[in-house]
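Reading through the structure tokens given below for one structure.
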Amino acid sequence: MNKENIFDVLNERGYIAQTTNEEAIRERLSRPGLTFYIGFDPTADSLHVGHFVTMMVMAHMQRAGHRPIALLGGGTGMIGDPSGRSDLRQVLSPQVIQHNVDRFREQMKILIDFDDDRALMVNNADWLIGLNYIEFIREIGSQFSVNRMLAAECYKQRYEKGLTFLEFNYMLLQAYDFLELYRNFNCEMQLGGDDQWSNILAGIDLIRRKESKEVHGMTFNLLTTSEGSKMGKTAKGAVWLDPEKTAPFDFYQYWRNVHDADVITCLKLLTFVPMPEIREYGQAQGAELNVAKARLAYEVTKIVHGEEQAEICKKQAEALFSGPGRSDSMPTTTLRKSDLDSGVLVLDVLELAKLIPSRAEGRRLIKQGGIYVNDVAVSDMRQTLSANDFDHDEMILRKGKKVFHRVLLSDE
RNA sequence: GGGAGAAUACCCAAGUGGCCAAAGGGGGCAGACUGUAAAUCUGUUGUCAGUGACUUCGGUGGUUCGAAUCCGCUUUCUCCCA
């Protein structure tokens with residue numbers, strides 16, 4: 001019996017949204033050695049969970065014997081993709097973009113094996129920055145029909161609100177990227193989020209015209225909740241893969257708290273848990289789903305932060321939600337012992353720990369009984385911390401039901 | 001290039017001289033109920049200080065005892081005409 005076609009694997013796990021010629025893709029994927037690429041826009045200094053799905057696809061493909069190219073948009077990042085966006089994207093400086101590109105490279109290594117050219121990482125700034133405008137519009141621009149571009153769904157929204165020429169060029173540049181990668185690395189396929197469909201088709205078209213060669217495209221579903229909103233967003237912003245930006249414990253908790261309706265989808269997209277096991281979780285009803293959620297949180301955390309961290313998070317979560325617990329991967333704030341003598345308001349600590357955006361917010365929380373010191377609700381605005389609140393120089397500060405923060409005491 | 005209109009808090013959106021820190025909705029946060037879920041209900045949602053002060057309605061300069069609201073200039077955006 002042959003090994004399962006990677007296309008079917010991806011399809012079964014629910015990654016695939018749209019494809020060009022499906023038969024051709026299945027056929028090509030059945031033979032290893034396909035080079036494909038996915039673009040990343042370096043608009044932040046860390047990847048977030050939205051990128052994570054993309055990285056999972058790359059990982060699956062790589063394990064099936066294909067070669068991924070992670071294309072970092074150092075060049076296109078200076079323009080900003082208008083697809084599906086309702087407003088003009090902020091233009092970033094070259095320095096910031098370069099910094100972000102470097103950070104991305106580090107983070108991608110957690111899932112993608114870059115050794116011995118098993119995967120490549122390229123930056124389109126390398127070929128876009130030096131482009132000659134006249135040559136470019138003569139060679140590439142001549143291949144595009146403005147009528148068709150305007151008809152594309154992704155531009156429609158912007159067409160009504162206004163679209164600058166700068167952004168309008170994005171599609172050409174992305175198409176050019178594909179051509180460039182095809183020529184230099186024999187890259188035959190581009191993958192991307194479903195919002196990239198138009199841009200991907202543009203590249204395929206361009207290669208057909210310039211090289212008379214059929215290449216492939218495939219998009220996968222964006223990670224959304226069952227209610228249709230984008231996943232990975234919290235009130236504080238995105239859920240980042242960088243432990244400095246999103247503490248592992250918070251990361252774990254994010255997945256532990258996904259809605260019932262989203263658990264199975266997430267298990268399929270964000271973990272390597274085998275399908276038979278996932279199907280079993282799918283049978284679970286009601287509270288039983290908590291088992292699946294715990295598994296999801298553990299597996300995702302393990303991939304991103306390593307097994308050790310995942311274990312720690314898991315133990316701590318279990319401890320915290322069934323009695324007092326301790327946590328090494330919780331966000332932490334350190335106080336000096338000497339500070340206690342002069343009286344430290346709980347309010348002060350909340351502010352220090354950045355659990356509240358303002359002191360007024362802290363007052364509100366205390367008034368409503370939403371702040372707890374070691375599981376005891378704080379009732380008085382003026383409550384201070386004393387040495388008694390600390391056990392082995394550590395105490396747990398809690399906001400609401402699920403936001404935990406560790407406060408340490410130091411001798412200094 | 002000519003003309004018309006708009007800019008309000010996280011988002012949408014009321015407010016056209018004092019009763020406006022600014023309606024309503026969404027979102028957020030907290031409480032109750034739960035399964036660390038959803039739905040529902042309640043409270044809350046500028047800042048600093050405890051019953052008051054300060055900053056805010058694109059920017060700026062005026063008028064006025066008093067401005068988000070009136071006037072001048074300016075910036076940005078949208079629409080119509082070229």
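Just so we're on the same page: letters track the sequence lines, and every chain starts at 1.
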- request: In whole angstrom, give me the gap between the P atoms of B/rU16 and B/rA68.
  value: 13 Å

statement: Checking N1-N3 plus N6-O4 or O6-N4 for Watson-Crick, or N1-O2 and O6-N3 for wobble, each under 3.5 Å, the partner of B/rA4 is B/rU78

query: Who is the Watson-Crick or G-U wobble partner of B/rU40, with both distances under 3.5 Å?
result: B/rA32

task: For A/F321 and B/rU34, give me the distance from atom CZ to atom P, rounded to whole Å.
output: 17 Å

task: Looking at every strand, decide which applies to A/G286 at a 4.0 Å heavy-atom threshold: base, sugar-phosphate, or nothing.
output: base

Distance-only polar pair, side chains of A/Y298 and A/E311, donor-acceptor under 3.5 Å: yes

task: For B/rU69 versus B/rC20, give the span between their C1' atoms, rounded off to a whole number of Å.
output: 11 Å

task: Give A/K399 one of three labels, base, sugar-phosphate or nothing, depending on what nucleic acid heavy atoms sit under 4.0 Å from its own.
output: sugar-phosphate

- prompt: How about A/H60 and A/R63: do any of their side-chain heavy atoms sit closer than 4.5 Å?
  reply: no

message: Salt bridge or not between A/D45 and A/R103? Use side-chain N to carboxylate O under 4.0 Å.
response: no

- request: For B/rA13 and B/rA6, measure between their C1' atoms and round to the nearest Å.
  value: 14 Å

field: Mutual orientation of the aromatic rings belonging to A/H51 and A/H48 [parallel < 30°, tilted 30-60°, perpendicular > 60°]
entry: tilted

message: Without decimals, in angstroms, what is the distance between A/L350 CG and B/rA30 P?
response: 12 Å

message: Heavy atoms from C-beta onward define the side chain here; which of B/rG35, B/rG31, B/rU36 lies closest to that of A/K401?
response: B/rG31

field: Which residue lies more 5' along RNA chain B, comparing A/M381 with A/N257 via nearest heavy atoms
entry: A/N257

- prompt: A/I371 or A/K402: which one's nearest nucleotide on RNA chain B is closer to the 5' end?
  reply: A/I371

message: Distance check needed: B/rG50 C1' versus A/R382 CZ, whole Å only.
response: 8 Å

query: Which base sits across from B/rU55 as a Watson-Crick or G-U pair, both distances under 3.5 Å?
result: none

P-based separation of B/rU8 from B/rA4 [nearest Å]: 22 Å

- prompt: If the C1' atom of B/rG62 is compared with that of B/rA67, how far apart are they to the nearest Å?
  reply: 12 Å

field: Spacing of A/L347 atom CG relative to B/rA30 atom P, expressed in whole Å
entry: 16 Å

message: Measure CG/A/L296 against P/B/rG35 and give the value in whole Å, please.
response: 21 Å

message: Looking only at the side chain of A/R256 (C-beta and beyond, no hydrogens), which of the listed nucleotides B/rU36, B/rC29, B/rA37 gets closest?
response: B/rU36

query: Looking only at atom C1', what distance separates B/rA30 and B/rU74, rounded to whole Å?
result: 44 Å

query: Counting side-chain heavy atoms from C-beta on, which of B/rU36, B/rU34, B/rC29 comes nearest to A/N290?
result: B/rU36

message: Using atom P in both nucleotides, what's the gap between B/rA32 and B/rA37 to the nearest angstrom?
response: 12 Å

field: Distance, rounded to the nearest Å, where A/Y254 contributes OH and B/rA37 contributes C1'
entry: 14 Å

field: Distance in angstrom units between A/L365 CG and B/rG28 P, rounded
entry: 16 Å

query: If only side-chain N and O atoms of A/H259 are considered, is one of them under 4.0 Å from the OP1 or OP2 phosphate oxygen of B/rA37?
result: no

statement: Across every strand shown, the nucleotide meeting Watson-Crick or G-U wobble geometry with B/rA13 (both distances under 3.5 Å) is none

message: Can you confirm whether or not the ring centre of A/F144 sits under 6.0 Å from the ring centre of A/Y176?
response: no

message: Within the 4.0 Å heavy-atom criterion, would you say A/Y372 contacts the bases, only the backbone, or no part of the nucleic acid?
response: sugar-phosphate

- request: Flag the pair A/E22 and A/R26 as a salt bridge only when some basic side-chain nitrogen lies within less than 4.0 angstrom of an acidic carboxylate oxygen.
  value: no

query: Can you tell me how far P in B/rG43 sits from the matching atom in B/rU75, rounded to whole Å?
result: 47 Å

field: Whole angstrom value for the distance that separates P of B/rG50 from CG of A/L345
entry: 10 Å

field: Selection residues 372-394 of chain A - residue pairs positive for ring pair (Phe, Tyr, Trp, His ring centres under 6.0 Å), sequence neighbours left out
entry: none

task: Measure centre to centre between the rings of A/F36 and A/H66, then say whether the value is under 6.0 Å.
output: no

statement: Nucleotide by nucleotide, nucleotides 43-48 of chain B touches protein heavy atoms under 4.0 Å in the pattern (B base, S sugar-phosphate only, - none) BSS-SS

message: Against A/K293, only a single residue in A/D260, A/D262, A/N257 fulfils side-chain hydrogen bond (donor to acceptor under 3.5 Å, both in side chains); can you say which?
response: A/D260

